[in-house]
Amino acid sequence: MYAKLAWRNLRRSLRDYGIYFMTLVFAVAIFYVFNSVPDQPAFLSLSESQRRLARGAVGAMEWVSAIMTGVVALLVFYANRVIVRKRSRELGTYLLLGMEQGHLAVMMLVEVAAIGLSALGVGVAAGVAASQAFGLLVERAFHVTVVERSFVFSPRAAAATLVLYGAMFLAVALWQSAGVYRQRLIELIHDARKNEEIRVRSRTLAVAAGLLCVATLGTAYWLADQVSRTTGLDPTDRRIPLGVALGVAGTYLLFAALAGLLSGVRRRTGGWLARGLNLFLYRQVTSKINTHAAMLATVALMLTFTVCAMSTGLSLGAVVRGALGEDAPFSYVARALEPDTDLSGLRAVFAAHGVGDAQVVDVVVVDTDLRGADLMLPDDAERLLADTDIDYMAWIAVRAMPYSAYRGLRALKGYPDVPLPAGGYLVHVNGGHTDAERSHAAWVRALAAGHAVTVAGATLRPASTQVFREQMGSDVAGYGPLLVVPDEVTKALLQEDPDRGLRYLVAEVPGGEPAGLSDAVNAWVSARPFEQGIWVSSRAEVLGQTYMIEAIFIFFSFYVGIMFILISATLLALQQVTDALEHRQRFAVLQKLGADDAMIDGTIARQVGLYFLTPVLVALLHSAVALTALNRALKGETGYEAVGPAALATLGVFALIYGAYYLLSVQNCRLLWRPQERG
Amino acid sequence: MRGENQRASERGRNVPVAERILEVVDLTKQYGSRGSVTHALRGISMAVDRGEFVGVMGPSGSGKTTLLNVISTIDSPSSGRVWIGGRELTALRRREVARFRRERLGFIFQDFNLLDTLTLRENIGLALSIAWAPAGEIDRRVAEMAERLGIADALDKFPYQVSGGQKQRAAAARALITEPDLVLADEPTGNLDSRAARSLLEALAELNRDLQTTIILVTHDPVAASYCQRILFIKDGRIFGELVRGDSPRQRFFDRILAVLAELGGGEADVR
């Protein structure tokens, strides 16, 4: 008998709360899929440097997964509480009929555990199925191609999923049944009656809350704007946590105010409220906002976090890829610690793969005693050196490069040729930097004034009034100003102190990468003695890393984002479904008043829609402010404006998932109010 | 323990000595704390013998539901004692309370009625299943009780498929099937039309006559109360008065009830 009872109850729970079950399945499946990525065949095709990055990401992944599981646990806990609360009457019946409290607790334990464990089973199965398709996505994200395709299964991820989620479901089931065990019958009666209360809020309090809300949110938005214009992405700025705290408080105040203000509106005859079921709709929505104000505010904040996190993740990824990608303008850069190292072997490797001498440049770069400030006029130098603001350009040591090498590098990339007469110097700053605008201006002034610079005993004068900014890569050109001088000067510097020189071999391969070149280069490098300090960096590899980094950003932001959307939408759907179950008779009354099925169905759709829409609107408002500020800060810091497309992509995913849950909730509620076959 | 009391149907009406089923002594119940205390019951004493059909009437807020909650082990008193079938309620431990409810009490409450996932047959049988009765015996007794209450043809339907009257009769069947010492009914005719209400009350009265089932009926409806043999009137947490039907025909008893209610409701101040 108990078995039949438990089974029937289980079927009913699955039917009534199908949306919740579905979310659990998704959560488990997503957990499995994302944790199985390291075991995807695409991973095996990664380069060593990419794999290193990946391993670091996997470590972070484990932390994020644990946190997400915790958040899902909160959802499971909350949902179970809501569901059991709704069954107060039923549980009371069992107790009154004389069922022992221990037996009831066990029955509840079995029910809750069964739902959780079946979600686990279905979820893992779904996850395994999804990871087959996900593998293709991973390949594209990493820009690798997998030769051998096989069935993807990650025992490690499966084990982690089963253990973590299994433990979580069991823990919640135990907690729940312990609560039922302790529950007194009189409390169940009160619970059953309490659900029908509609709290009446004071109007003055609501107005006060509203004013306070405007104040807090206004301040929060203003702070965001201020921060973005000044310190930008500096995480230590105390205004950021302050702004966030104000935003959170303001959101709760907003919903409290809404609840109080909306429910007090009197019906005006002849208005929209007088038509059809609009009055009913209005009361339904306001009563639900009233009852669930705190939860709606929490959902709004979660959604804000989702939109911001996903947009930020995507845009940062794009920015990193762009910035890093730009920093590798040459196909290969080899570096040796000793200026006189023999790199002819490497040249031979290049030649063997069709990269002739014309495409290879030998560069020696030497450190000088000069600093950035020494390239400026005395007044500027003094001013910038004394400046406590972050403009490090004045302090950075200046590197010197021989003109022949510089010319060769410019030719490699097709940059216009720049002449250097005897006794002249040029200034090159790699890529420019918005941070260093003032230093740049100072250098330009110095060049215009013919500022003389003394290096290795030679006094040089500017050969051009322009500070050159083409991309040479920070490997060769460094982060500070590069002084291009006649070849004899660098030779003299080296003679003074050979230790201050670095040797580079730069190769530019036009068109596609010749097959086997990168392996041959790596082989050559590994064969070199360690003391020579030789390494080689290839653009292909750097790009590979940037794709990796971008993929990791996308990966994490999608994982967290999707999970949060799922959880938020489920909370809302759960509220709607439990409310519908409890207040079924409201719709029966409407039917008796003569409202036809279509009218009632339409009202349900609008009611659920308004309920789902409210937190979204708030979230969009917050996100718009936050993301605009972020965009401004990013642009100031890096020169990139990537937030726009990222936000659009985020909103697309968001609308898809949220919209799906909305439609399902409407369907569910529509089914519930009709007398249907039950049991 | 069960052996002490023979099956009521075997006993028939030949009860030599009135057996006290329910005894309540000086029962009080308060809610709230410090500033706002509600005195729901202010010292109620009453007794019910086996085979009686007693009604408890009073306006809302009089404490009749609280009284019922305490008697039915749902709530515990602030002071005073309650004995049912010789066992004192406050002395019962949790496991004993569950057993007590299984074996000695039957409920027809509006809040705790039929489970919508079970058929009527399964609902009625649930009371016996919880008491671990063998399956064959359950089927037999359910059929018997359903026959008595006139719902035999609806047994395999679900609650949403039957009328309010049939649902209440199923609830009554469930309450009675375990042959409890005491059946407690809280507004059983609340949602029923007059015909279904009358049908249910007649069934209860019949069961009381034939099986000597002791029934306490809490109601505000004088029609329902007129089926009882004795009525206790409660007002402001105290017993206001008692009315015994004796040999009066039901209609006459009904008029007497109305008279007392008028006095209960208005009081001397309303007489102009």
Side-chain angles (χ1 to χ4, degrees), chain A residues 1-16 86-107 111 180-196 581-582 584-585 588 671-679, chain B residues 29 31 65-66 68-70 72-76 93-120 122-135 138 156-161 171 174-175 177-178 180 184 186 191:
Chain A
M1 184 60 210
Y2 282 108
K4 196 197 297 193
L5 203 54
W7 172 245
R8 297 270 180 94
N9 287 339
L10 202 62
R11 271 179 55 190
R12 183 197 51 200
S13 289
L14 283 177
R15 178 217 231 102
D16 283 349
K86 216 230 104 226
R87 291 173 67 184
S88 306
R89 210 155 279 181
E90 183 195 337
L91 298 183
T93 306
Y94 295 138
L95 288 179
L96 266 190
L97 286 177
M99 190 186 286
E100 289 194 25
Q101 220 137 356
H103 288 177
L104 183 62
V106 168
M107 201 171 85
E111 275 183 44
V180 167
Y181 182 73
R182 281 193 301 260
Q183 183 111 74
R184 295 205 331 256
L185 190 43
I186 187 74
E187 289 163 9
L188 280 173
I189 300 183
H190 289 155
D191 277 351
R193 298 214 180 116
K194 214 190 297 183
N195 287 330
E196 286 147 26
L581 279 171
E582 251 180 81
R584 226 178 312 195
Q585 78 273 16
L671 285 174
L672 282 176
W673 78 268
R674 285 180 172 60
Q676 285 257 321
E677 190 192 308
R678 311 272 301 160
Chain B
K29 178 71 186 175
Y31 297 109
T65 305
T66 311
L68 202 64
N69 283 350
V70 173
S72 55
T73 71
I74 291 176
D75 206 351
S76 52
R93 281 192 305 257
R94 269 225 305 206
R95 288 200 71 173
E96 292 171 326
V97 169
R99 187 176 178 176
F100 200 78
R101 291 174 188 158
R102 272 202 301 277
E103 297 177 356
R104 294 178 181 269
L105 294 177
F107 300 89
I108 313 176
F109 278 15
Q110 290 208 340
D111 275 346
F112 299 99
N113 270 338
L114 306 178
L115 300 166
D116 54 2
T117 49
L118 303 178
T119 60
L120 294 195
E122 291 161 346
N123 263 293
I124 300 172
L126 186 59
L128 291 172
S129 306
I130 289 179
W132 300 112
I138 295 180
D156 292 305
K157 299 214 167 102
F158 286 93
Y160 79 93
Q161 289 172 309
R174 181 182 72 186
I177 201 166
T178 50
L184 300 157
D186 184 5
N191 289 339

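All chains are named by letter (A, B, ...) in the order of the sequence lines, taking the proteins before the strands, and each is independently numbered beginning at 1.
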Check: Roughly how far, to the nearest 0.5 Å, is the CG atom of A/Leu96 from the OG1 atom of B/Thr73?
Finding: 6.5 Å
Checklist line | Euclidean distance, B/Leu115 CG relative to A/Leu5 CG, rounded to 0.5 Å | finding: 7.0 Å
Checklist line | Salt-bridge present (A/Glu100, B/Arg99; N to O < 4.0 Å) | finding: no
Check: Does A/Arg12 pair with B/Asp116 as a salt bridge, N-O distance under 4.0 Å?
Finding: yes
Notebook entry, point to check: With no hydrogens and no angle check, is any side-chain donor or acceptor of B/Arg101 less than 3.5 Å from a backbone partner on A/Gly98?
Noted result: no
Margin query: Determine whether a donor-acceptor pair (N or O, by modelled atom type, separation under 3.5 Å) exists between the side chain of A/Arg8 and the backbone of B/Thr117.
Written below: yes
Next item on the list: For chain B, find which of A/Gln101, A/Arg184, A/His103 contributes the most heavy-atom pairs closer than 4.5 angstrom.
Entry: A/Gln101
Check: If you look at every heavy atom in A/Leu97 and B/Ala127, which pair is closest and at what distance?
Finding: CD2-CB, 4.2 Å
